[in-house]
Visitor: 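Structure in structure tokens, see below.
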Amino acid sequence: MSLTWMLLVLQTGLWAQRYQPSTGINARVEALLAKMTLEEKIGQLTLYTTDWGSTGPTIREGYKNDIRSGACGNLFNSHSTVFVRDLQKVAVEETRLKIPLLFGFDVIHGYKTIFPIPLGEAASWDMEAIEKSARVAATEASAAGLNWTFAPMVDISRDPRWGRVMEGGGEDPFLGSRIAEARVKGIQGKKIGDNNAMLACVKHFAGYGAAMGGRDYNTVDMSEKYFREFYLPPYQAAVNAGAATVMTSFNDYDGVPASGNKFLLDSILRKEWGFEGFVVTDYTTINEMVLHGVVANDQEAGELALKAGVDMDMQGGIYQGYLKKSLKEGKVTQAQIDEGARRVLRLKFELGLFEDPYKFCNAEREKNTLLAPAHRAAAREVARKSVVLLKNENSALPLRKTQKIALIGPLADNKTELIGNWNGAGNFNDCVSLKEGLQGANMQYAKGCELEGTDKSGFAEALRIAAQSEIVVVAVGEKAMISGEATSRTHINLPGVQEELVLELCKTGKPVVVVLMNGRPIVIPAIADKATAILETWWLGTETGNAIADVLWGDYNPAGKLPMSFPRSEGQIPVFYNEKSTGRPFDPNSKWTSKYIDEPNSPQWPFGYGLSYTTFTYTNLNATPETATTRGIPAGKQIRIRVNVQVTNTGKVAGEEVVQLYIRDVVASTTRPVKALKGFQKVMLNPGETKNIAFNLTADDLSFYRRDNTFGMEPGAFDVMVGGNSSDVKTVRIDIER
Ligand code: GLC
């Protein structure tokens with residue numbers, strides 16, 4: 001690593017956070033490694049699911065025998081202190097070297113207390129809240145026997161047909177990177193080795209969210225420049241924040257499946273980013289390289305993976321089945337196997353499992369930790385922050401306690417869907433439904449219709465109570481399990497007859513408040529047009545009803561902002577804010593420009609968009625370039641731009657605004673996005689209050705992969721833009737001299 005880069009990294013503190021083996025660990029690892037047989041080493045490179053549950057086609061049975069023989073050193077989908085203690089006992093009492101097991105699980109947005117889905121939390125733009133959510137999740141999961149979670153998922157995606165957008169941080173690499181950092185810090189806590197800390201696993205490396213056609217597991221192929229600018233940053237941010245493990249993705253990149261891709265796993269992850277943890281595959285991705293067509297058989301797949309830099313084989317049984325043979329045939333080396341085992345053992349020592357293999361198996365702690373009142377309170381707080389107010393005509397919201405309300409919809413009195421997909425050990429019976437959250441209101445309830453299907457027989461009752469009300473609140477959305485893995489949809493509308501129900505309710509002339517519960521951006525142009533008010537609430541988890549009620553009553557003024565653009569139609573996809581100009585940027589007065597003839601280019605609601613019960617204005621934007629005198633930073637990096645803007649609450653209630661800072665490099669050696677998020681600040685303002693918001697842009701913020709593939713900035717004109725969403729911004733132009 002060059003001195004310059006080292007200086008930068010030290011200065012920005014990145015180095016301090018990245019995972020590095022603690023002193024003394026390496027000596028202990030080497031001493032153990034020296035005693036291990038080849039089979040025992042390969043066992044440390046093997047991860048199997050137990051029969052508790054699986055997140056894919058379970059291949060292996062009889063996992064206890066694999067533990068006894070040392071053939072399996074790691075398990076997932078096994079949790080609760082009783083179940084984990086039983087299995088850990090086999091490893092530490094019935095094996096030759098008593099090496100403890102890792103226990104992994106998908107704790108994606110909560111373990112027992114379920115928080116909003118990650119795309120919902122991303123809408124909070126509140127890094128403290130996101131870190132808190134991950135911290136509670138790790139506190140609960142580590143009290144239930146677990147020491148490793150397959151999170152954070154940080155895959156950037158611009159395609160809501162891809163159901164896994166629900167697990168990520170949306171479409172933007174800057175926001176996605178800040179979220180990745182917050183999640184890793186929350187998961188790993190103060191230090192790996194603490195009783196409430198878990199190993200994070202940043203996934204899915206890399207570029208999984210760019211699957212062609214939004215079809216899960218599909219091909220990913222783009223220029224390296226584009227990949228590095230728009231898709232890689234969140235993974236790097238997670239590694240720099242200290243992520244201890246990385247998971248490879250199902251997709252290929254540049255023609256090579258991620259689990260066999262040395263450019264990704266070695267050149268970028270190890271050599272450029274200095275990652276020192278271990279790499280685990282996603283579920284059977286080594287096996288799948290045969291189907292990708294880059295190897296002829298399972299043995300070759302294992303050899304390609306090991307040589308590319310995969311340390312652990314999730315559920316594939318390939319390393320266990322073939323590495324011994326490959327070594328004998330000289331296709332892999334002992335050193336490659338040893339390095340993988342070394343990386344895994346290091347983290348088992350870091351966790352303190354050799355001192356106390358049952359440290360995560362305290363039944364008393366488990367009982368007192370799961371669903372603790374403080375955790376439910378945190379879930380309610382994070383859930384409220386995740387709600388996005390998309391429309392509020394005539395200030396229909398907040399509701400008034402005296403109003404006669406008609407509560408309608410398949411999700412109004414529902415619990416089963418509220419914990420969303422990837423819901424850990426969550427139990428929907430612990431949830432608060434919207435109807436329960438609104439209890440005490442002057443309201444009538446009717447379901448109206450089901451989440452799916454064509455039955456409209458419930459419409460009449462819904463319309464009847466609507467006619468008797470002053471305002472209608474209708475809760476509609478997706479079934480939780482149609483957003484998530486293997487759930488790509490070509491029509492991302494409201495399933496069934498839900499949209500018809502909403503539109504019939506709009507015809508009554510009563511104000512209609514639509515509460516959306518969904519895992520992805522959905523296409524609802526007619527509802528966007530006809531509804532009086534619209535709340536995007538995603539899947540908010542255990543405290544759903546209370547959080548939405550807090551917003552509906554105005555006890556909490558919504559401040560969420562969309563982390564992903566909402567298309568007007570599937571035909572627009574991919575639609576995203578940080579697009580490039582093209583040589584024929586859209587011009588309404590010219591035929592020959594980049595547009596559709598049957599739809600505007602603009603999304604239904606843009607990235608960064610969200611309303612409040614108050615209003616904000618932006619004034620006095622200025623940007624002043626300064627030459628920094630920071631010593632040691634190479635010429636060309638000694639640039640700083642001070643940006644100031646005044647934000648005023650021009651309404652009648654206090655509210656938070658997410659002030660967003662974008663830039664555009666007006667002329668550069670490669671085409672640049674018309675906007676790129678480079679900063680944001682969430683600020684609370686009382687009615688009439690004005691605050692000055694200041695940002696500092698550095699040379700790195702202005703840098704990109706230039707025509708010669710080097711990363712850096714180029715002098716010239718820059719537009720600096722600030723606003724409450726990516727579409728409505730104030731702009732100043734500055735000039736950075738050579
Ligand atoms: C799944 C998912 C991955 C998850 C793993 C283990 O296929 O792709 O995100 O962590 O299997 O459950």
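Numbering starts at 1 and runs along the sequence shown. Order of listing sets the numbers, starting from 1, for every ligand and every atom in it. Values in this document were obtained by computation on a predicted structure and should not be read as measured data.
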Visitor: Mind checking whether Glu485 has an N or O less than 3.5 Å away from an N or O of ligand 1?
Guide: yes

Visitor: I'd like the name of whichever of Met153, Met247, Gln315, His204 reaches closest to atom 9 (O) of ligand 1 through any heavy atom.
Guide: His204

Visitor: Are the side chain of Lys271 and the backbone of Asp266 linked by a donor-acceptor contact shorter than 3.5 Å?
Guide: no

Visitor: Quick check: does Trp422 get an N/O under 3.5 Å from an N/O on ligand 1?
Guide: no

Visitor: When rounded to the nearest 0.5 angstrom, what distance separates CG in Asp126 from NZ in Lys385?
Guide: 4.0 Å

Visitor: If you count the atoms of ligand 1 from 1 in the order shown, which ones are under 4.0 Å from a heavy atom of Tyr283?
Guide: 7 (O), 11 (O)

Visitor: I'd like to check whether Asn77 has a polar contact with ligand 1, where a contact means an N/O of the residue lying under 3.5 Å from an N/O of the ligand.
Guide: no

Visitor: Under 6.0 Å from the ring centre and within 45 degrees of the ring axis: does the NZ or CZ of Lys203 meet both conditions for the six-membered ring of Trp422?
Guide: yes

Visitor: Tell me whether Lys203 has any N or O atom under 3.5 angstrom from an N or O of ligand 1.
Guide: yes

Visitor: Cation-pi between Arg85 and Tyr358: NZ/CZ under 6.0 Å from ring centre and within 45° of the ring axis?
Guide: yes

Visitor: Looking at ligand 1, would Phe250 count as a contact under a 4.0 Å heavy-atom criterion?
Guide: yes

Visitor: Please confirm whether Arg342 makes a cation-pi placement over Phe278, using NZ or CZ under 6.0 Å from the six-membered ring centre and within 45° of the ring normal.
Guide: no

Visitor: So is there a nitrogen or oxygen of Asp282 less than 3.5 Å from a nitrogen or oxygen in ligand 1?
Guide: yes

Visitor: Can a side-chain donor-acceptor contact be found between Glu140 and His375 if the only test is distance below 3.5 angstrom?
Guide: yes

